[in-house]
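What follows is one structure encoded as C-alpha cells, with my remarks underneath.
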There are 2 protein chains.
Amino acid sequence: MPDRRAGAKAGLTRERVLDAALDYVDAHGLPALSMRKLGAQLGVEAMSLYRHVPNKDALLDGLVDRVMETAFTGLGAPSGDDWPAWLRAFAHGLRSALIAHPGVLPLAATRPVNSPDALRMSEGWLAAMRTAGLPLGRALDMVNVLATFTIGHTLAEVGQTPGHEGSEPDLDQHAAELDPAEFPNLLEVIATRAGLDFDSRFTQAVDILIAGYAALPRP
Amino acid sequence: MPDRRAGAKAGLTRERVLDAALDYVDAHGLPALSMRKLGAQLGVEAMSLYRHVPNKDALLDGLVDRVMETAFTGLGAPSGDDWPAWLRAFAHGLRSALIAHPGVLPLAATRPVNSPDALRMSEGWLAAMRTAGLPLGRALDMVNVLATFTIGHTLAEVGQTPGHEGSEPDLDQHAAELDPAEFPNLLEVIATRAGLDFDSRFTQAVDILIAGYAALPRP
DNA sequence: ACGACGATGCTTACACCGTAAGCATGATCT
DNA sequence: AGATCATGCTTACGGTGTAAGCATCGTCGT
C-alpha cells in the first residue's frame, strides 16, 4: 500500500474495478477473488471498492454483464430470412466469449442478466425475427434454447473445479484406474477420442437445433 | 448442543451427513450451507463432520452424486432401437431430479461427476447404444449434448440468485419499468406468456435434438 | 479569497467461514 | 482387564464480507 494520504484519488471507477476483477478472475480463478485481494490489485483497501460497487454480489453481476456485452457487441440483429445464420453466429459468439473468461462462466450460468443493455438487445433480436415472419414465442424459444445449451455445453467443456487448471478433459485422469474388462467403451473413447471434440460436437448440435426449428410449421 | 459427552456417538455417517446437507440446501439454499450450521442441524459440532467427509468440497461433490443417482436409478439402459425414447426419458429424468434439488443445480453444473457409479452407468449406456448400431462417438455426443442442454436449460429455469425465492421468472419484476415504446416485444412476451413455458420449450428442444441425431447418416 | 461541502479512500471492528491440531471418552477386541 | 480405535469436542488461526466513522482532497458559491 503506497501510503496514499486519505482523500488522494486513486482514480478508482466502477469501470476500473470491474476490469480489474475480470482480470483477476481470469488469472486466478473465481474462488480466489476477494474484495481485499481485488483492492490490493488496484493499490487500494478493500473498503474503498464499496464506493463504486454496492457489494460483492453486484460486482459479480457486473462481471457477467461485461462478458455478455463483449459476446454480443458486433453481433447485429438478424435481418430478413438469414435468422438461421444469425442464430448460429449468436451461439458461437456466446461460446467464444464464455471460453475467453472461464472464471465468469459459473456466474453467467447462475445469474439472470437483466441489465438495460441486455434487455435492449433482446428486444432488438425479437423485433427483427418477427419481421422475418417468426412468431414471437418461437423466436424467444430459439434464442433461449440456444443460449442455455451454449452455457451448459461450455460449462462441461471448461469443466473442472472453477479455479483449477486441469487441462485434461476430466476423463483421462481416471483412465489408468479403469478395469478394461468392465469399461471397454469408455476406454475406447479415451483411446480414440471419439466424441471428445467439443468444437465439432457443439457445432453439430447447434446446427441440428436451428434446422429443427426451421423445419417446424409456422402456426 | 445437548451436552453429549465426548466419545458418545451421535450416529453420524457419511450417508446421514449427506442427507442432512441435501435437506439443508433444499431448505435454505446453497449459500447458506456452512459446516457449522450443518453440524447444528445434526446436533453436532462442525469439526465432527470432518470424520466422515474430508472437506467441504468433497461434501458438495457428494451432493451432486446423490442427486445424479436419484436421477438415473430406475432409468435402465436403451435396448434395441428405442434409444430415441430412452434419450427422451434420460433428459426428462435429469431435469426432474435437478428441479427437485435446485440448490444443488449450480454444483451439478460446475463439477464433473466421475464417481465409479456414474462411470458404470455411462459405460452401460454406451454399450447398449452401440449394440443398437450407433457409432461410439455419436452415442457419446447425444448423451453429452442432452445432458449439457438439460443442465443449461434448468439453470435458466430455476434461475434467480441461488438461495433466493423469487417465484417470478425474473422478467416480470422488470415489467413495470419497461418503456412500452421501446420494449413492445418484451412487454408482449410478458403479457401473453408466449415463449415462457419452460416445460414445453424443453420438451420441444429435446425432441428436435433427438430427431436431428436420428436423421443423421450413420458413418 | 475563503469557507462549506461532497466525494474519495482509509481505519477499525464484527460476525462468520473452513479447517488444522490435539484431547476426552466410549465401544470394541485380545 | 488392558490396549486400541473411532468418535465427537475444544481451541485456535487466518481468511471473508461489510457496517460505521474519520481524514483529506477537489470543487464551488459567495
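Chain naming here is simple, since letters A, B, ... match the order of the sequence lines and numbering starts at 1 in each. All values below come from the heavy atoms of this structure, side chains included, with hydrogens, waters and symmetry mates left out.
- Applying the side-chain hydrogen bond (donor to acceptor under 3.5 Å, both in side chains) rule to B:Asp179 yields no partners; only residues at least two apart in sequence or on another chain are considered.
- Atom CG of B:Leu59 is separated from atom C1' of C:dC17 by 15 Å (rounded to the nearest Å).
- If you measure from atom CE of A:Met35 to atom P of C:dC16, you get 20 Å, rounded to the nearest angstrom.
- Between B:Asn55 and B:Arg51, the one whose closest nucleotide on DNA chain C sits nearer the 5' end is B:Asn55.
- Across the protein-nucleic acid pair, B:Leu49 atom CG and C:dA20 atom C1' stand 15 Å apart, rounded to whole Å.
- Within the structure, the salt bridge (charged side-chain N to carboxylate O under 4.0 Å, His left out) test picks out the following pairs touching residues 63-74 of chain B (sequence neighbours left out): B:Glu15-B:Arg66, B:Asp19-B:Arg66.
- Considering only side-chain N and O atoms, B:Ser48 lies nowhere under 4.0 angstrom from the phosphate OP1 or OP2 of D:dT7.
- Every residue two or more places apart in sequence or in another chain that forms a ring pair (Phe, Tyr, Trp, His ring centres under 6.0 Å) with A:Trp125 is listed here: A:Phe72, A:Trp86, A:Phe90.
- Atom-to-atom distance recorded for A:Met129:CE and A:Leu87:CG is 4.0 Å, nearest 0.5 angstrom.
- Between the CG atom of B:Leu38 and the P atom of C:dT19 there is a distance of 13 Å, rounded to whole Å.
- Residue A:Tyr50 places its side chain closer to D:dT18 than to any other of D:dC9, C:dT19, D:dT18.
- Listed by first and then second residue, the salt bridge (charged side-chain N to carboxylate O under 4.0 Å, His left out) pairs that reach into residues 29-38 of chain B come to none, sequence neighbours excluded.
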Please list, for nucleotides 13-15 of chain C, all pairs of protein and nucleotide N/O atoms separated by less than 3.5 Å.
none

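- Residues in residues 139-148 of chain B take part in these side-chain hydrogen bond (donor to acceptor under 3.5 Å, both in side chains) pairs, two or more places apart or across chains: A:Arg201-B:Asp141.
- For the pair A:Leu33 CG and D:dG15 P, the computed distance is 16 Å after rounding to whole Å.
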Test salt bridge (Lys or Arg N to Asp or Glu O under 4.0 Å) on A:Arg95 and A:Asp199; report intermediate values, then the result. CA-CA 10 Å; A:Arg95 173 163 176 264; A:Asp199 254 62; 2.9 Å; yes
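- A sub-4.0 Å separation between OP1 or OP2 of D:dG8 and a side-chain N or O of B:His52 is present.
- At whole-Å resolution of the value, CG in A:Leu42 and P in C:dC10 are 11 Å apart.
- Here C:dC10 is the nucleotide among C:dC10, D:dG8, D:dT16 with the atom lying nearest to any side-chain atom of A:Glu45.
- Of the two residues contacting DNA chain D, namely A:Lys37 and A:Pro54, the nearest-nucleotide position lying further toward the 5' end is that of A:Lys37.
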